[in-house]
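Just so it is clear, the values below take in all heavy atoms, side chains as well, and ignore hydrogens, waters and symmetry mates.
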Amino acid sequence: MLDYETLKLVWWLFIGVLLIGFAITDGFDMGVTAWLPFLGKTDDERRVIINSVGAVWEGNQTWLITAGGAIFAAWPFVYAAAFSGLYIALLLVLFALFFRPVGFDYRSKLPDPRWRNAWDWGLFVGGAVPALIFGVAFGNLLLGLPFHFDETLRVFYTGSFWALLNPFALLCGVVSLSMLMMHGAIYLELRTDGTVQARARKAALAAGTVCAVAFALAGVWLAAGIEGYRIVAIPDANSAFSPLAKTVEKAAGAWLSNYHQHAWMMAAPALGFVGIAMALQQGRAGRQGWAFLFSSVALAGIILTAGFSMFPFVMPSSTDPNSSLTIWDAVSSRKTLGIMLIVTLIFLPIILLYTSWVYRVLRGKVTVQSIQDNTHTAY
């Protein structure tokens with residue numbers, strides 16, 4: 001069995017993998033539906049867009065459920081603090097996601113254009129709103145959230161929903177929304193043809209440009225105008241200890257410390273920018289498969305940039321830095337992490353193989369002709 005410190009690091013990596021997997025898979029679903037009212041000019045074109053993800057979106061969404069379950073099991077303090085303090089924001093995500101199952105299933109039940117147009121905008125909300133809020137959440141994590149623990153480890157959140165909508169967090173929301181819309185547009189290039197594919201190529205260029213600019217601005221803002229967090233004193237990381245047992249300070253430029261100490265981490269933001277550039281270039285060259293691969297690399301790079309910047313912090317506290325949650329003190333017991341690791345090593349490869357097989361079976365183009373030929377069975 002691995003020692004406790006190593007298990008803590010392993011579960012930080014696993015949760016990062018789950019978040020990246022969610023962004024790559026369910027991210028293109030969200031991006032596609034966020035583009036739906038704009039890239040489909042006729043009902044048949046909109047049905048092409050919907051059916052490009054109709055067969056896979058439910059399976060993709062399980063990555064989000066799995067990530068939430070992993071956070072609950074591996075980081076119970078984070079789950080408790082985040083799901084209570086960010087309750088309204090999380091409910092907005094949940095309510096927005098409600099539009100997805102009913103939108104996919106009910107949109108084509110009636111031929112009335114008003115009915116279908118209403119569901120098209122519902123699917124837009126189900127894609128765009130969660131993508132924006134996830135980015136806003138990451139932005140607020142980098143700023144620090146207003147929560148603290150008392151001596152009995154009861155958590156108190158002293159902020160408000162509207163305070164989450166600050167300029168830096170909204171910029172991070174733009175990064176998140178634009179990167180998923182780029183990813184979704186590139187997926188549409190891969191799965192469609194003709195007019196829809198041409199519009200998707202232009203949409204990918206616009207979203208990718210916005211994403212690259214917003215990502216660069218967020219990096220400059222983080223380096224020059226935002227105080228980060230730094231652990232000054234910590235008990236043995238190979239033991240279990242209370243979140244209040246460490247000493248944390250805020251300092252200018254602290255979020256860049258890991259890049260100074262470990263230069264290889266600079267690969268993460270580099271992958272973000274290079275992935276965007278290569279994805280757009282490959283899309284213009286007609287190599288949609290490579291474009292999708294590089295788009296996935298860009299998403300991984302952007303998410304890893306946030307993770308590497310904050311490491312080892314998971315949920316910093318702006319009101320009491322010592323209450324900040326890290327991978328060392330927010331975790332479950334060594335036995336729990338060990339059992340979860342064994343289960344993950346058994347089932348994760350099976351899930352990945354099955355998912356790969358599903359995508360292989362469902363590969364191919366969705367066309368207007370195929371929708372017309374299957375008008376009563378297609379979404």
> Got more than 12 heavy atoms from elsewhere within 6.0 Å of NZ, Lys202?
Replying inline: no
> Can you find a pair of side-chain heavy atoms, one from Ile20 and one from Leu299, that are under 4.5 Å apart?
Replying inline: no
> Going hydrophobic residue to hydrophobic residue with side-chain gaps under 4.5 angstrom, can you get from Met265 over to Val297?
Replying inline: no
> Around Phe161, counting heavy atoms of other residues, nucleotides and ligands shown, do more than 12 lie under 6.0 Å from its CZ?
Replying inline: yes
>> Is the shortest side-chain heavy-atom distance between Leu143 and Ser318 below 4.5 Å?
In response: no
>> Tell me if the aromatic rings of Phe72 and Phe83 count as close, with their centers under 6.0 Å from one another.
In response: no
> What do the steps show when you test Asp3 against Thr6 for side chain to side chain donor-acceptor pair (under 3.5 Å), and what is the final call?
Replying inline: CA-CA 5 Å; Asp3 63 61; Thr6 303; 2.9 Å; yes
> Do the non-hydrogen side-chain atoms of Leu205 and Arg284 ever get within less than 4.5 Å of each other?
Replying inline: yes
> Looking only at side chains, do Asp29 and Gln61 share a donor and an acceptor under 3.5 Å apart?
Replying inline: no
> Under 3.5 Å, is there a donor-acceptor pair between the side chain of Asn140 and the main chain of Ala137?
Replying inline: no
> How about Tyr187 and Trp35: are their ring centroids closer than 6.0 Å?
Replying inline: no
> CZ of Phe28 to CG of Asn60: how many Å apart, nearest 0.5 Å?
Replying inline: 4.5 Å
> Among side-chain atoms of Asp329 and Thr326, is any donor-acceptor pair under 3.5 angstrom?
Replying inline: yes
> Minimum heavy-atom separation for Pro312 to Ile231, with atom names?
Replying inline: CG-CD1, 3.8 Å
> Do any N or O atoms from the side chain of Arg363 and from the backbone of Arg360 form a donor-acceptor pair under 3.5 angstrom?
Replying inline: yes
>> Can you tell me how the ring of Trp57 sits relative to the ring of Phe104, calling it parallel under 30°, perpendicular over 60° and tilted otherwise?
In response: parallel
>> Side chains of Asn374 and Arg47 only: does a donor on one sit below 3.5 Å from an acceptor on the other?
In response: no
>> Test ring pair (Phe, Tyr, Trp, His ring centres under 6.0 Å) on Trp264 and Phe308; report intermediate values, then the result.
In response: CA-CA 11 Å; Trp264 60 268; Phe308 287 162; 5.5 Å; yes
> Above 12 or not: heavy atoms from other molecules or residues under 6.0 Å from NZ of Lys335?
Replying inline: no
> Does one hydrophobic cluster hold both Phe273 and Trp290, with members joined at side-chain heavy-atom distances below 4.5 Å?
Replying inline: no
>> When you measure from the side chain of Thr192 to the backbone of Leu188, do you find a donor-acceptor pair of N or O atoms at a distance under 3.5 Å?
In response: yes
> Are the side chains of Phe311 and Ile327 in touch, meaning some heavy atoms are under 4.5 Å apart?
Replying inline: yes
> Do you know which of Asn117, Leu39, Asn51 makes side chain to side chain contact (heavy atoms under 4.5 Å, CB included) with Arg46?
Replying inline: Asn117
>> Does Leu256 have more than 12 heavy atoms from other residues, nucleotides or ligands lying within 6.0 Å of its CG?
In response: yes
> Can you say whether the rings of Phe98 and Phe95 are parallel (under 30°), tilted (30 to 60°) or perpendicular (over 60°)?
Replying inline: tilted
> Backbone N or O of Tyr379 within a donor-acceptor pair of the Arg107 side chain at under 3.5 Å?
Replying inline: no
> Can you list the steps and then say if Phe134 with Met30 is a side-chain contact (heavy atoms from CB on, under 4.5 Å)?
Replying inline: CA-CA 12 Å; Phe134 290 144; Met30 293 181 182; 4.0 Å; yes
>> I'd like to know if the side chain of Asp193 and the backbone of Lys365 have a donor-acceptor N/O pair within less than 3.5 Å.
In response: no
> Which pair of heavy atoms, one from Glu227 and one from Lys250, lies closest together, and at what distance?
Replying inline: OE1-CE, 3.7 Å
> Which value, rounded to the nearest 0.5 Å, describes the distance between Met181 atom CE and Ile186 atom CD1?
Replying inline: 12.5 Å
> Nearest 0.5 Å, what's the CG-CG distance between Leu86 and Leu92?
Replying inline: 11.5 Å
> Under 3.5 Å, side chain of Glu45 to main-chain N/O of Lys41, donor-acceptor pair present?
Replying inline: yes
>> So Ile276 and Leu280, do their side chains get closer than 4.5 Å, heavy atoms only?
In response: yes
>> I want to know whether His183 and Phe292 have ring centres closer than 6.0 Å.
In response: yes
> So which heavy atom on Ala34 is nearest to which on Phe124, and how close?
Replying inline: O-CD1, 3.1 Å
>> Quick check for you: to the nearest 0.5 Å, what is the distance between Thr355 atom OG1 and Ile350 atom CD1?
In response: 11.5 Å
>> Before you tell me yes or no, could you show the steps for Thr319 and Tyr157 under side-chain contact (heavy atoms from CB on, under 4.5 Å), namely the whole-Å CA-CA distance, both residues' side-chain angles and the distance that decides it to 0.1 Å?
In response: CA-CA 9 Å; Thr319 51; Tyr157 186 85; over 6 Å; no
> Do Asp120 and Ile50 touch side chain to side chain, with heavy atoms closer than 4.5 Å?
Replying inline: yes
> For the side chain of Trp75 and the backbone of Ser332, is there at least one donor-acceptor N/O pair under 3.5 Å apart?
Replying inline: no
> Within a radius of less than 6.0 Å around OH of Tyr354, do more than 12 heavy atoms belonging to other residues, nucleotides or ligands occur?
Replying inline: no
> Are Val248 and Phe313 close enough that some pair of their side-chain heavy atoms sits under 4.5 Å apart?
Replying inline: yes
>> Is there a path of hydrophobic side-chain contacts, each under 4.5 Å between heavy atoms of I/L/V/M/F/W/Y residues, joining Leu170 to Val129?
In response: yes
> If every non-hydrogen atom of Ala268 is compared with every non-hydrogen atom of Leu304, which pair is closest and at what distance?
Replying inline: CB-CB, 3.9 Å
> Is there a path from Ile65 to Leu352 through hydrophobic residues (I, L, V, M, F, W, Y) whose side chains come within less than 4.5 Å of each other?
Replying inline: no
>> With side-chain contact (heavy atoms from CB on, under 4.5 Å) as the criterion, how do Phe99 and Trp121 come out once you've worked through the C-alpha distance, each side chain's angles and the decisive distance to 0.1 Å?
In response: CA-CA 9 Å; Phe99 282 106; Trp121 285 103; over 6 Å; no
> Under the side chain to side chain donor-acceptor pair (under 3.5 Å) criterion, do Ser333 and Tyr4 qualify, and how do the steps go?
Replying inline: CA-CA 8 Å; Ser333 68; Tyr4 200 13; 6.0 Å; no
> So, the side chain of Ser176 versus the backbone of Ala131: is there a donor-acceptor pair under 3.5 Å, distance only?
Replying inline: yes
> Between Tyr229 and Trp255, what is the ring plane arrangement, given parallel below 30°, perpendicular above 60°, and tilted in between?
Replying inline: tilted
>> Could you report the tightest heavy-atom contact between Leu164 and Ala89, atom names first, then the distance?
In response: CD1-CB, 4.3 Å
> Val174, Trp221: one ILVMFWY side-chain cluster at the under-4.5 Å cut-off?
Replying inline: no
> Which atom names give the shortest non-hydrogen contact between Leu244 and Glu151, and what distance separates them?
Replying inline: CD1-CA, 4.5 Å
> ring-ring contact (aromatic ring centres under 6.0 Å, His included): which pairs involve residues 190-211, sequence neighbours left out?
Replying inline: none
> Checking Lys246 side chain against Phe241 main chain: does a donor-acceptor pair fall under 3.5 Å?
Replying inline: no
>> Quick check against the 3.5 Å criterion: does Lys8 have a side-chain atom that pairs as donor or acceptor with the backbone of Trp328?
In response: yes
> Checking side-chain contact (heavy atoms from CB on, under 4.5 Å) for the pair Phe14/Leu341: CA distance, chi angles, key distance, verdict?
Replying inline: CA-CA 9 Å; Phe14 270 146; Leu341 177 60; 3.2 Å; yes
> How long is the span from the OG1 atom in Thr367 to the CG atom in Asp373, to the nearest 0.5 Å?
Replying inline: 7.5 Å
